Amino acid sequence: IGNFIQTNNWCLFGRPGEPVDLTKLEGKSIGIYTDSWTKAMMPFVLKTAGLKADQVKEIIVEEAMPILLAGKIDIATNTENYGTAAVQSAVGKDPTMVCAHELGAPDVPIWVYTATQPWLDQNGDTATKFMGATQKATEWAIANPDKAVDLFGKYYPDNANAAYDRVGWNALIPHFK
């Protein structure tokens, strides 16, 4: 079984045309999420920038990109596929970004499936079949990105946004190995 994505695509985002410059991070407001991944990545950002946590303003957000685009924060955190899709679908342009490998963060998988050992001990065959089916479906979706996005929209119409989903899926595909 194993990981599909082998790279850390967590990034800092700026508005289109406004570069994210680690040498000018001091005093900036950074939209962050309360997830464990953001908490794990921010120390690498600060270390690379030569800053301490109190030298930036970490703002907890529910959705960073809309308030970044509105100018209410200076920088946003997100993964490449979500952040790029949010900005492109909102303004039709690419955001600027600096991603994990440029931030001094480890290149570790960000998208993983997990299970407890007791559950796996009792359900190993089910887990193996699930991961095998997931791998086949993922490989098909990589080979057929437009059809995959269309199917997602068909089966999850309340959660679908074709323009956003296409950009996000295509941004994620290069991270698969």
Side-chain angles (χ1 to χ4, degrees), residues 4-49 51 53-112 138 141-142 145-146 148-153 155-176:
F4 291 114
I5 298 179
Q6 300 297 318
T7 60
N8 182 350
N9 68 337
W10 183 87
C11 308
L12 295 182
F13 288 86
R15 288 175 281 281
E18 295 180 14
V20 175
D21 185 344
L22 292 181
T23 66
K24 297 178 182 174
L25 253 168
E26 187 170 357
K28 299 287 186 187
S29 57
I30 303 172
I32 64 164
Y33 297 92
T34 58
D35 64 331
S36 58
W37 199 258
T38 299
K39 184 139 181 93
M41 294 299 108
M42 282 305 295
F44 293 104
V45 170
L46 296 171
K47 182 179 180 183
T48 300
L51 299 173
D54 63 355
Q55 292 177 286
V56 297
K57 300 172 196 146
E58 292 184 2
I59 312 293
I60 296 172
V61 298
E62 189 173 314
E63 289 291 331
M65 296 310 166
I67 62 174
L68 173 70
L69 293 172
K72 295 181 179 182
I73 57 174
D74 299 309
I75 295 170
T77 61
N78 211 317
T79 57
E80 179 183 6
N81 53 305
Y82 285 117
T84 301
V87 173
Q88 276 192 6
S89 64
V91 298
K93 296 178 182 175
D94 285 332
T96 58
M97 64 185 146
V98 178
C99 295
H101 66 280
E102 299 168 282
L103 298 169
D107 193 16
V108 293
I110 196 171
W111 308 101
V112 296
T138 303
I142 289 168
D146 289 331
V149 169
D150 291 343
L151 281 174
F152 179 79
Y155 290 106
Y156 301 98
D158 293 342
N159 296 316
N161 173 327
Y164 174 94
D165 296 339
R166 259 180 238 302
V167 171
W169 183 242
N170 284 308
L172 187 58
I173 288 173
H175 295 281
F176 285 93

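We number each residue from 1, following the sequence as shown. Predicted model, so just to flag it, every value in this text is computed and none were measured.
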Undergrad: Out of curiosity, Tyr164 OH to Asn159 CG, how far, rounded to the nearest 0.5 Å?
TA: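 The OH atom of Tyr164 sits 11.0 Å away from the CG atom of Asn159.
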Undergrad: Give me the atom names and distance for the closest heavy-atom approach of Gly168 to Ala85.
TA: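 Closest heavy-atom pair between Gly168 and Ala85: N-CB, 3.5 Å.
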Undergrad: Decide yes or no on side-chain contact (heavy atoms from CB on, under 4.5 Å) for Leu25 and Ile30, but give the supporting numbers first.
TA: CA-CA 9 Å; Leu25 253 168; Ile30 303 172; 3.6 Å; yes
Undergrad: Tell me the closest heavy-atom pair linking Ala90 and Leu69, and the distance in Å.
TA: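 Result for this residue pair: CB-CD1, 3.7 Å.
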Undergrad: Looking only at non-hydrogen atoms, find the nearest pair between Gly31 and Ala64 and report the distance.
TA: O-CB, 4.4 Å
Undergrad: For Thr48 and Leu103, indicate whether the former's side chain and the latter's backbone hold a donor-acceptor pair under 3.5 Å.
TA: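 Here the side-chain-to-backbone pair exists.
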Undergrad: Are the side chains of Ile59 and Lys72 in touch, meaning some heavy atoms are under 4.5 Å apart?
TA: no
Undergrad: Which pair of non-hydrogen atoms, one from Phe13 and one from Cys11, has the smallest distance, and what is that distance?
TA: CE1-CB, 3.7 Å
Undergrad: How far does OG of Ser89 sit from CG of Asp165, to the nearest 0.5 angstrom?
TA: 9.0 Å
Undergrad: Rounded to the nearest 0.5 Å, how far does CG of Asp146 lie from CG of Leu151?
TA: 11.0 Å
Undergrad: Would you check if Leu22 and Leu12 make a side-chain contact, meaning some heavy-atom pair closer than 4.5 Å?
TA: yes
Undergrad: Rounded to the nearest 0.5 Å, what separates atom CD in Glu62 from atom OH in Tyr33?
TA: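 Output value for this atom pair is 9.0 Å.
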Undergrad: So does Asp74 get a backbone contact from the side chain of Ser29, meaning a donor-acceptor N/O pair under 3.5 Å?
TA: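 At least one qualifying donor-acceptor pair exists.
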Undergrad: May I ask you to test the Glu102-Val20 pair for a side-chain heavy-atom distance under 4.5 Å?
TA: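 Side chain of Glu102 against side chain of Val20, heavy atoms only: no contact under 4.5 Å found.
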Undergrad: Are Asn170 and Thr84 packed together at the side-chain level, in the sense that at least one heavy-atom pair is separated by less than 4.5 angstrom?
TA: no
Undergrad: Would you say Asn81's side chain and Trp169's backbone share a donor-acceptor pair under 3.5 angstrom?
TA: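 Here the side-chain-to-backbone pair does not exist.
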Undergrad: Has Thr38 got a side-chain atom pairing as donor or acceptor with Thr34's backbone, closer than 3.5 angstrom?
TA: no
Undergrad: For a quick test of reading the model, state the closest non-hydrogen atom pair linking Gly27 to Lys57 and the distance between them.
TA: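 Smallest interatomic distance, heavy atoms only, reads O-NZ, 3.4 Å.
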Undergrad: Quick check: do Leu68 and Arg15 have side-chain heavy atoms less than 4.5 Å from each other?
TA: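 Counting from C-beta outward, Leu68 and Arg15 do come under 4.5 Å.
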Undergrad: Which pair of heavy atoms, one from Pro95 and one from Gly14, lies closest together, and at what distance?
TA: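 For Pro95 versus Gly14, the nearest heavy atoms are CB-O, 3.5 Å.
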Undergrad: Side-chain contact test, heavy atoms from C-beta onward, threshold under 4.5 Å: evaluate it for Lys93 versus Val87 and give yes or no.
TA: no
Undergrad: Verify side-chain contact (heavy atoms from CB on, under 4.5 Å) between His101 and Asp107, making sure each step is shown before the conclusion.
TA: CA-CA 6 Å; His101 66 280; Asp107 193 16; 5.7 Å; no
Undergrad: Any chance you could measure Glu58, atom CD, to Lys28, atom NZ, to the nearest 0.5 Å?
TA: 15.5 Å
Undergrad: Any chance you could measure Asp150, atom CG, to Tyr155, atom OH, to the nearest 0.5 Å?
TA: 12.0 Å
Undergrad: Find out whether Met41 and Thr77 are in side-chain contact, i.e. whether some heavy atom of one side chain is under 4.5 Å from a heavy atom of the other.
TA: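 Of all side-chain heavy-atom pairs linking Thr77 with Met41, none is under 4.5 Å.
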Undergrad: When you measure from the side chain of Asn8 to the backbone of Pro106, do you find a donor-acceptor pair of N or O atoms at a distance under 3.5 Å?
TA: yes
Undergrad: Taking C-beta and beyond as the side chain, do Tyr82 and Glu63 meet within less than 4.5 Å on heavy atoms?
TA: no
